[in-house]
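Before any comments, here is the structure.
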Amino acid sequence: MSTSKASLGILISGRGSNMDIIIRACQANQINADVAIVISNNPNANGLILANSLGIKALAVNPRDFNTKHEYENTICELLVDHSVDLVCLAGYMKIVGNTLLKKYDNKIINIHPSLLPSFKGLNAQKQALEYGVKFAGCSVHYVNDVLDGGKIILQDIVPVSEDDTEETLSHKILEKEHQIYPKAIQKVLASFKKSEE
Ligand code: GAR
């Protein structure tokens, strides 16, 4: 990795707008990496089509085809290793990462979450924020560990919440910020890999 570009693996479950931004940022050399592979747990994810249209290998690994989470994640690990992936980026990957992936890519898996962690972990973070009545929401990129949305934070940004925001409008505003911070966070993590190699 020290002499050439890093290889990213992206895990998705659906739309893939963060994945799209990451691929484009790599292709524009705004991130010093190439996206080697996109994997979705959901065979119907639109992000798979989008990734293919951008020239990136993208495929589904369906957990339903495996007896255990270990076997499912082991297949993902094999694909990531076969593609020499250095850093795994979760981009709307709506499954809890288990031990098999965590062990193989220790401290090398990051995630984007649509809240200012440690507030509003888990599902429907934007809805949770509105229900709580917070005046500022936002998004976080963080390392993934065995605590759900609990790993160390890499970057965050804030979004003011208006009185008339709905889950949909707030999600849209947060998503715009997600698209800004995720490429920056990846660059930051890759720079930290370089430093630890020196
Ligand atoms: C994004 O808002 C992301 O933060 C969220 O899912 C959306 C995926 O959108 N992720 C989570 O809630 C993870 N807990 P995308 O597929 O268009 O990137």
Side-chain angles (χ1 to χ4, degrees), residues 8-27 30-31 35 37-54 56 58-63 69 73 76 87-98 101-102 105 109-132 134 136-161 165-186 189:
L8 306 181
I10 306 181
L11 301 193
I12 62 166
S13 297
R15 179 178 55 188
S17 72
N18 278 290
M19 172 210 76
D20 183 37
I21 290 288
I22 295 167
I23 293 172
R24 289 175 195 277
C26 288
Q27 291 176 340
Q30 287 154 1
I31 299 175
V35 177
I37 187 164
V38 170
I39 302 171
S40 172
N41 64 302
N42 167 15
N44 300 316
N46 277 333
L48 288 173
I49 298 162
L50 185 54
N52 274 320
S53 75
L54 293 167
I56 304 296
L59 48 89
V61 178
N62 190 340
K69 184 152 184 164
E73 287 199 342
I76 293 180
L87 178 68
V88 181
C89 303
L90 309 186
Y93 178 66
M94 304 309 274
K95 282 192 74 67
I96 292 179
V97 176
L101 259 166
L102 284 175
Y105 281 92
I109 307 177
I110 63 175
N111 179 43
I112 186 143
H113 184 74
S115 80
L116 289 174
L117 291 171
S119 295
F120 313 129
K121 296 174 174 177
L123 291 177
N124 306 316
Q126 304 94 330
K127 184 162 178 255
Q128 292 183 55
L130 281 176
E131 283 173 359
Y132 211 90
V134 292
F136 292 94
C139 48
S140 311
V141 180
H142 63 94
Y143 287 99
V144 174
N145 64 13
D146 58 356
V147 179
L148 179 66
D149 298 324
K152 193 170 178 194
I153 291 165
I154 301 157
L155 270 187
Q156 291 184 306
D157 207 348
I158 55 168
V159 171
V161 182
D165 263 328
T166 61
E167 194 182 339
E168 197 186 357
T169 60
L170 182 60
S171 299
H172 180 75
K173 288 196 279 186
I174 293 174
L175 193 66
E176 283 183 350
K177 291 283 185 192
E178 293 183 35
H179 293 167
Q180 289 169 20
I181 68 166
Y182 211 170
K184 288 184 192 157
I186 293 170
V189 171

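Worth knowing before you read on, the calculation uses all heavy atoms, side chains too, and leaves out hydrogens, waters and symmetry mates. Each residue takes its place number in the sequence, starting with 1. Both counts, for ligands and for their atoms, begin at 1 and track the order of listing.
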Requested in this report: Could you tell me whether ligand 1 has any atom less than 4.0 Å away from a heavy atom of Ile12?
Outcome: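 Flag not set, Ile12 not near ligand 1.
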Closest non-hydrogen protein atom to [atom], residue and atom name please, with distance?
{"atom": "atom 9 (O) of ligand 1", "answer": "Arg15 NH2, 3.0 Å"}
{"atom": "atom 5 (C) of ligand 1", "answer": "Pro114 CD, 3.9 Å"}
{"atom": "atom 8 (C) of ligand 1", "answer": "Gly92 CA, 3.6 Å"}
{"atom": "atom 14 (N) of ligand 1", "answer": "His113 ND1, 3.3 Å"}
{"atom": "atom 10 (N) of ligand 1", "answer": "Ile112 O, 3.7 Å"}

Please say whether [X] places an N or O atom under 3.5 Å from an N or O atom belonging to ligand 1.
{"X": "Glu178", "result": "yes"}
{"X": "Gly16", "result": "yes"}
{"X": "Ser17", "result": "yes"}
{"X": "Asn18", "result": "yes"}
{"X": "Tyr93", "result": "no"}

Query raised in the report: Judged by modelled atom types alone, do Asn42 and Ser13 share a side-chain donor-acceptor pair under 3.5 Å?
Result: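 No, because no side-chain N or O of Asn42 sits under 3.5 Å from a partner of the opposite role on Ser13.
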Once rounded to the nearest 0.5 Å, what's the spacing between atom [atom1] of [X] and atom [atom2] of [Y]?
{"X": "Asn41", "Y": "Ile76", "atom1": "CG", "atom2": "CD1", "result": "7.5 Å"}
{"X": "Ile22", "Y": "Ile112", "atom1": "CD1", "atom2": "CD1", "result": "8.0 Å"}
{"X": "Leu116", "Y": "Cys139", "atom1": "CG", "atom2": "SG", "result": "7.5 Å"}
{"X": "Leu175", "Y": "Gln180", "atom1": "CG", "atom2": "CD", "result": "10.5 Å"}
{"X": "Leu155", "Y": "Ile186", "atom1": "CG", "atom2": "CD1", "result": "10.5 Å"}

**Report entry** Side chains of Tyr143 and Val189 in contact at under 4.5 Å (non-hydrogen atoms)
**Finding:**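 Tyr143 reaches Val189 side chain to side chain.
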Query raised in the report: So, do Lys95 and Leu11 sit near enough that their side-chain heavy atoms are less than 4.5 Å apart?
Result: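 Result no, sub-4.5 Å side-chain heavy-atom pair not found.
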